[in-house]
Structures are given as C-alpha cells and as structure tokens.
Amino acid sequence: MLTAFARAFKTPDLRKKLLFTLGIIVVYRIGTNIPIPGVDYRNVQICMDAAQANQGIFGLVNMFSGGALLQITVFALGIMPYITASIILQLLTVVIPRLEALKKEGQAGTAKITQYTRYLTVALAVLQGTGLVATARSGALFQGCPVASEIVPDQSMFVTITMVITMTAGTAAVMWLGELITDRGVGNGMSMLMFISISATFPSALWAIKEQGSLADGWIEFGTVLLVGLVMVGLVVFVEQAQRRIPVQYAKRMIGRRSYGGTSTYIPLKVNQAGVIPVIFASSLLYIPALIVQFSSSTAGWATWITKNLADPGATPHIILYFFLIVFFAFFYVAITFNPEEVADNMKKYGGFIPGIRAGRPTAEYLSYVLNRITWPGSLYLGLIALVPTMALAGFGANQNFPFGGTSILIIVGVGLETVRQIESQLQQRNYEGFLR
C-alpha cells in the first residue's frame, strides 16, 4: 500500500489529485472546528470535557461528524444527512417505479437520482439542524453538565433560524466538497470524508483508554487495544475481500461472418454484500427509544426499563436485540439491492448461463440459494464486529465509541481498500508497457 502511494506521488497527474484531495480534507477539518453563530463556545468546551467519558445517544452521530456535532460547529451535521438521503433513495428505488425506471436509464437516470438525493439532503439537514438546535437550547445535548442550558444564551427566533441555516449551508458545503473529491481527486468523496471524520476521533479515543487504565499507568490497556485493533483489521480485510464467484458461460453467436461470445466470466457475490448499512440501521433503530425517553423526561416504569435495558450498551437485552437487528437488516438490505430474477433475465438476454443450471427461473433460484447461504456468515460477522465496543466497555472501561469496533473499523478498512485499489488501477493504466518493450 505504501509503495502504491509512493509511486502515485511520483506521477505528476496523480500527485495533483492526491494534493487536491488533501487540500479538501484540510478545508473540511477546519470547518469542523468553526462554531456557528449564537453558541457560547466556552460552555460547549466545559460540557465537552465533562462528556468525554460518555457521549450518550449522540455518540454515533458525533463520530460520523468527526467530533463536530457536540461542538455545534458549521459542519456539525457532517455527511449524515447525505448518507441518510442516499439510503432512503436506494430503498425507494425498489418501491417507486419511476425511480426504478430512472436507475435503468444509465448515466442520465443516475444523474437525476443524484439530484433528488441532493434535494433530500438539504431537507434532512434542515430537519436535523432544527432538532440539534432545539436539543442544545433545552440542555439535553449534554446531560449532567451544569451549564448545558446556557450553551445557547440568546434563544430568540432570529438566532435559532440563523443557526439552522448555518448548519444546513455547512451540510451543502460538505456535499460539494465530497463531489469535488470524486470529480478531481482520488476515491469516492463522501466515503473519503467519512473516513477522515472517523479517523479524527481515533487519537483522543485511544488516549482516553490509556488515561483510564490502571495497569502500568494505562500502557497495558493501550497496547492491548492496539493489538486487538490489528487483529480486527486483519479479520475485516479478509472478510471484506472474500467472495463467491459463480461461473458464467456465454454461448457463441454467428452474426454475418463474425463470431461473438463464447467467453467465460463470473458473478462475484461478496460475503458481506450489505457492507456497513445493517450496523447503521440497527444502531439508529436502537437510539429511537432512548431519544423518546430523553425528550419526554419521563420517570415511569417503561422509561426506566428502556434506560436500563436498551439505552445501556452493556445490558444483555441491548446486546441481544442489537445482534438480531444487524442480522435482520443484513438479509433485508441484500434482498432489496440484489435481484436474482433481474440478473437471470439479463444473462438469458445475452446468451449467458451458469454451467449445470438451466437459464431463466432455475438460474434465479440458484442465485437466491447461494446468496442466502453466504449472507448468513456475513451477517454473523457484522454482528460480532459490532459487539466489540460492548466487550471493550466491560473489559477496559471504554465508552461505546470504542475506536476499533463496529461501524468505525468497517468504514475505515472498506474506504482504505477501495482507495488503494483505485490508485493501483490508475498507476497500472499510466505505466502499462504493452506486449512489446
């Protein structure tokens, strides 16, 4: 990997792309540290210091924003509205015929869906920004902080609208920066910004584990966490690259005097076909009951049960429900994103078949059978990876945003592998020597 980056910096056009990407990353990180108007930055820092050990139900979103959410900065919402909008549009494509038709139109239809995603992102940013401002004004953003209700001193309507507009504009700017990286930089822009946001929280999370440790002044815990992290990275890399290759043979066709087809290829079915989406879905669904309890401020029996069993990451009901939700959403997402019947029809249309399997419906049933078989280990793997923060919470006293667990490690390894593959492919195109030297 390091060799690929070194060779890329020696290539002039790739060096420009890499430097452009680094420049956008610097701009993004600057924006995550600029507070929005109407916020008392001193009180925010006081509450941030008190909330380092437990970031509550906003911890996951704060991780995706690179720590900008709890600091209420210009880029506080980060790329979460865009991610949510993309997932919603992807799910609606299966339900709404118009979106499904656009998806089949090729590049023009994809551009139209991208435009819809941008509009939905802005709408979600207004909604989430309003919720964040209301939470900060009520003091619920930092529970237990003595100055939490003084984060927004001026609670007039003008200041509130200004804060919401600023965060919405910040989300639009983040979306634009991501598209700039995609067009003129290296890798997928949104994935790269997500990678940077999560990586930015690693040093502080690791150092917090060292500070909370008791063995050899915390260095034993620190080294153990790094060792566990390296093992997890190796496991994630192995599973993320694992795939089942289904062979496909195309029959020869004579058109005039020329022969077409007769080639052999394969359909790559990844073990983790759903990626990190099931973990995000399960985490978001589990946060809803805790949000209801927090905003209702109820002390009834049901609120106490939710706080004790669902809001606590170390509680047994939380662990069991979290695991089963991940498995369920893994099968659900694979079912709506991979259509065996459509793949079988396309193969039949172009004269392709799987050796030993008849074309048409038998091919679709075979693909569905194989997909269900490999989704089981993929979903169980996602569930086990997501439970690592809970085990860390019990073993090291770390918070629920353990640096080498769950969503963070899946995204970092996935984006890293994809970026390296893109750099290597571009290097291969520029250094191809041909058949004759």
Side-chain angles (χ1 to χ4, degrees), residues 54-64 80 83-84 87 91 198 205 224-225 228-229 231-240 242 244 269-294 302 304-338 371-414:
N54 182 18
Q55 295 177 346
I57 60 176
F58 301 100
L60 180 69
V61 185
N62 186 62
M63 180 187 68
F64 276 113
M80 280 302 291
I83 295 173
T84 308
I87 294 174
L91 295 177
I198 297 175
T224 305
V225 168
V228 171
V231 173
M232 286 191 60
V233 168
L235 173 64
V236 171
V237 170
F238 176 77
V239 178
E240 290 296 319
R244 168 72 183 274
L269 296 179
K270 295 180 63 177
V271 173
N272 183 21
Q273 191 84 1
V276 74
I277 300 299
V279 180
I280 297 177
F281 277 7
S283 302
S284 303
L285 199 61
L286 277 178
Y287 280 146
I288 293 176
L291 274 174
I292 295 174
V293 172
Q294 183 171 3
W302 63 270
T304 304
W305 188 89
I306 289 176
T307 304
K308 183 180 179 180
N309 296 286
L310 295 184
D312 182 12
T316 303
H318 177 95
I319 296 174
I320 296 175
L321 185 58
Y322 189 34
F323 182 82
F324 279 105
L325 281 176
I326 291 175
V327 174
F328 168 76
F329 281 121
F331 279 92
F332 174 76
Y333 190 77
V334 169
I336 66 173
T337 54
F338 186 89
L371 194 62
N372 287 333
R373 290 287 296 272
I374 67 172
T375 302
W376 270 113
S379 61
L380 296 177
Y381 144 81
L382 283 177
L384 292 176
I385 291 293
L387 290 178
V388 168
T390 302
M391 293 184 285
L393 182 66
F396 300 102
N399 60 15
Q400 62 265 38
N401 300 307
F402 182 64
F404 289 109
T407 313
S408 57
I409 195 68
L410 289 170
I411 293 176
I412 285 180
V413 174

inquiry  = side-chain contact (heavy atoms from CB on, under 4.5 Å) for Ile319 and Phe323? Distances and angles first, verdict last.
reply    = CA-CA 6 Å; Ile319 296 174; Phe323 182 82; 5.6 Å; no
Audit row: Phe332, Leu91, side-chain contact (heavy atoms from CB on, under 4.5 Å) steps and yes/no = CA-CA 10 Å; Phe332 174 76; Leu91 295 177; 4.2 Å; yes
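Residues Leu382 and Phe329 have side chains not in contact (no heavy-atom distance under 4.5 Å, counting atoms from C-beta outward). At least one side-chain heavy atom of Leu235 sits less than 4.5 Å from a side-chain heavy atom of Ile385. For the pair Val237/Val233, a side-chain contact is recorded, criterion being any heavy-atom separation below 4.5 Å from C-beta on. Counting heavy atoms from C-beta outward, Tyr381 and Val271 have side chains that stay 4.5 Å or more apart. Residues Glu240 and Leu410 have side chains in contact (heavy-atom distance under 4.5 Å, counting atoms from C-beta outward).
Applying the 6.0 Å contact sphere to CH2 of Trp376 captures no more than 12 heavy atoms from other residues, nucleotides or ligands. Dense packing is recorded around CZ of Phe331, with more than 12 heavy atoms of other residues, nucleotides or ligands lying under 6.0 Å away.
Of all heavy-atom pairs spanning Ile374 and Lys270, the tightest one is CD1-O, 3.4 Å. In this structure, Ala330 and Pro278 approach most closely via the heavy-atom pair CA-CG, 3.5 Å. When all heavy atoms are compared, the tightest approach of Ile326 to Gly383 is CG2-N, 3.8 Å.
Remark: Ile277 CD1 to Ile87 CD1 distance equals 4.0 Å, nearest 0.5 Å.
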